[in-house]
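Step one of this worksheet: look at the structure below.
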Amino acid sequence: MKQFLSFVRKEFYHIFRDARTMLILLGMPVAQIIIFGFALTNEVKNSRIAVLDMSKDAATASLITELEASRYFEVEKRLHTYKEVEEEFKLGNIKMAVVLPQNFGADLLHFNTAQVQLIADASDPNVANTLTNYASAIIQDYQNRITDGRRLPYTIKTELRMLYNPQMEGAYSFVPGVMAMVLLLVCTMMTAITIVREKEMGTMEVLLVSPIQPIKIIVAKAVPYLLLSMVNIASILLLSVFLLDVPINGSLVLLVLESILFTVTSLVLGLFISTITDSQQVAMFISLTGLFMPTVMLSGFMFPIENMPRVLQLISNIVPAKWYYIIVRSVMIKGVGLEAVWKETLVLFGMMVFFLIMSIRKFKIRLA
Amino acid sequence: MEREKVITAKGLTKRFGDFTAVDAISFEVGKGEIFGFLGANGAGKTTAIRMLCGLSIPTDGEATVAGFDVYRQTEQIKRNIGYMSQKFSLYNDLTVRENIRFFAGIYGKSHQFIKENTERLLDRLHLQAESNKQVKSLPLGWKQKLAFSVAIFHEPDIVFLDEPTGGVDPVTRREFWNMIYEAAESGITVFVTTHYMDEAEYCNRVSIMVDGRIDALGTPQDLKQQFKAESMDNVFLKLARKATRGE
């Protein structure tokens, strides 16, 4: 135990004395969550939209003028049939369509209520969300203006329709995504590098000649990163809840436990990488290309997996972050419990055990 | 002079597949002896040392280190030896004190032991003023001396030095060898590999490995007579030329 503690203390010295390590460990998560957080609410300017005006009266004309006058929208096309809406989306010409049904003006005048349909391309959910919000706000403004001074208020009901991704999954996707990325980077890359550094410096030999068991060396190396990852999980969650208003709908305990499982999986992966490489550069390269890129691309965080070609969908199954991402999104955003994510948890656990066995075997071969 | 044996090897062999890295070497090293372990690169020195340190299980033969068996008692061996490698073996981003404390810690030394001996060591090396500075700020010669002191800090029976003086100036090398003599006088057996033949002359006895075998073993004086050579340098060259193995 005393040996072990000496070792853990030494690891903390290494971490705290290296400004770059500290920056990556503690600065990066905060920076990423803020960057992604504000990217989400970023303003969208001059988006191309199409208008299907089936009423063609004074009310629709002025509403369209209002939309066009705003700096957010550019009316790209006037459509004539409902079918064209779909076609324009498929061609990628427009980001949103505004559908004004027949008798819009008349309904508004006689029944005091009328309907507008906003159709958005939700394959990019963040943009779709922003656009429909802006459009709704403009319509609301218009409605307030014409209501002004009258007894009976006019109401325009906006109906939203999200194409391609009706549940708007991924609206808050960046928080689970950033958590997956940060934990992976901190645990996998840092663990791999710190072990490989000892090999490169020649200190690993000295450690192996000492009476401390190899397993203790490895665990002692992992402990500081596990602790710092806990700090990161806490800071990411705090920032998400208080700065970005992302809710934690499910159980916090479950969320933390799942995060610990993913952290350990990442640590084991880092250990595995360290057993197959001898230089810090190679370790970093493998971590970045072999893990970081797939995590960004294939975890479902940047691009919805459902929209990917079949082959990539299959490959995405071996990316640990994909499973963690599903778990966090389910627990955090949807608010479900373990009964809904036990399969994903099991997959993650299986991966952890697999890589652990692989690394221990690899490590023993090296020693013999 | 008959000394107590602390290292014995009999027919010690290590094969990797078809390749015999160490080919049935036999020797004995006595307590407090400075034993030079010479050989060209690729002659099998490192593999032999790894077996003696308990890092690698021999394919054949017998050996004991500090009275423990290299097959079954590697844990006890590790507890009773010190090791300093050709690559630098201290942590550059730790201070002098932290390095001492860490290495003593992984050898399981008590807090009290570490505290007392650290002060004594710092005084002896005249490093008190630098004791809270990171090791990277020290000149190479000092680092090397400190690394040696750390390697014997836990009072081992034997210390293995793998080319300890690589890249060090002659004056520091001389000082380094004075430390080796002191250690040997205090009863620590020194097992040292080197490429400097003048250092071979400082050893009590040397062995020279060629192609995995020990081709010569004796005091520097004996070897020079046996091979009719002026210096250890010539002895080494005569033997190393016979080598058929490359790097």
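This one's a predicted model, so the numbers in the text were calculated from it and none came from an experiment. Every chain is numbered from 1 and lettered A, B, ... according to where its sequence line falls, protein lines coming before strand lines.
Identified under the ring-ring contact (aromatic ring centres under 6.0 Å, His included) test for residues 41-86 of chain B, with sequence neighbours left out: none.
Proximity to chain A (any heavy atom under 4.5 Å) is restricted, for Ile81(B), to the side chain, taken from C-beta onward. At a 4.5 Å heavy-atom cutoff, Thr74(B) makes no contact with chain A through either its backbone or its side chain.
Screening Glu198(A), Arg17(A), His14(A) for a side-chain hydrogen bond (donor to acceptor under 3.5 Å, both in side chains) with Tyr91(B), the sole residue that qualifies is Glu198(A).
Residue Met201(A) holds its CE atom at 10.5 Å from OG of Ser85(B), rounded to the nearest 0.5 Å. Remark: Leu208(A) CG to Lys78(B) NZ distance equals 6.5 Å, nearest 0.5 Å.
Other residues, nucleotides and ligands place no more than 12 heavy atoms under 6.0 Å from the CE atom of Met293(A). More than 12 heavy atoms of other residues, nucleotides or ligands shown are found within 6.0 angstrom of NZ on Lys2(A). Around CZ of Phe242(A), the count of heavy atoms belonging to other residues, nucleotides or ligands within 6.0 Å does not exceed 12. Other residues, nucleotides and ligands place no more than 12 heavy atoms under 6.0 Å from the NZ atom of Lys10(B).
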Walk me through it: do Asp93(B) and Tyr13(A) pass the test side chain to side chain contact (heavy atoms under 4.5 Å, CB included)? CA-CA 8 Å; Asp93(B) 55 343; Tyr13(A) 286 142; over 6 Å; no
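The closest donor-acceptor contact from the side chain of Lys10(A) to the backbone of Phe103(B) lies at 3.5 Å or more, if one exists at all.
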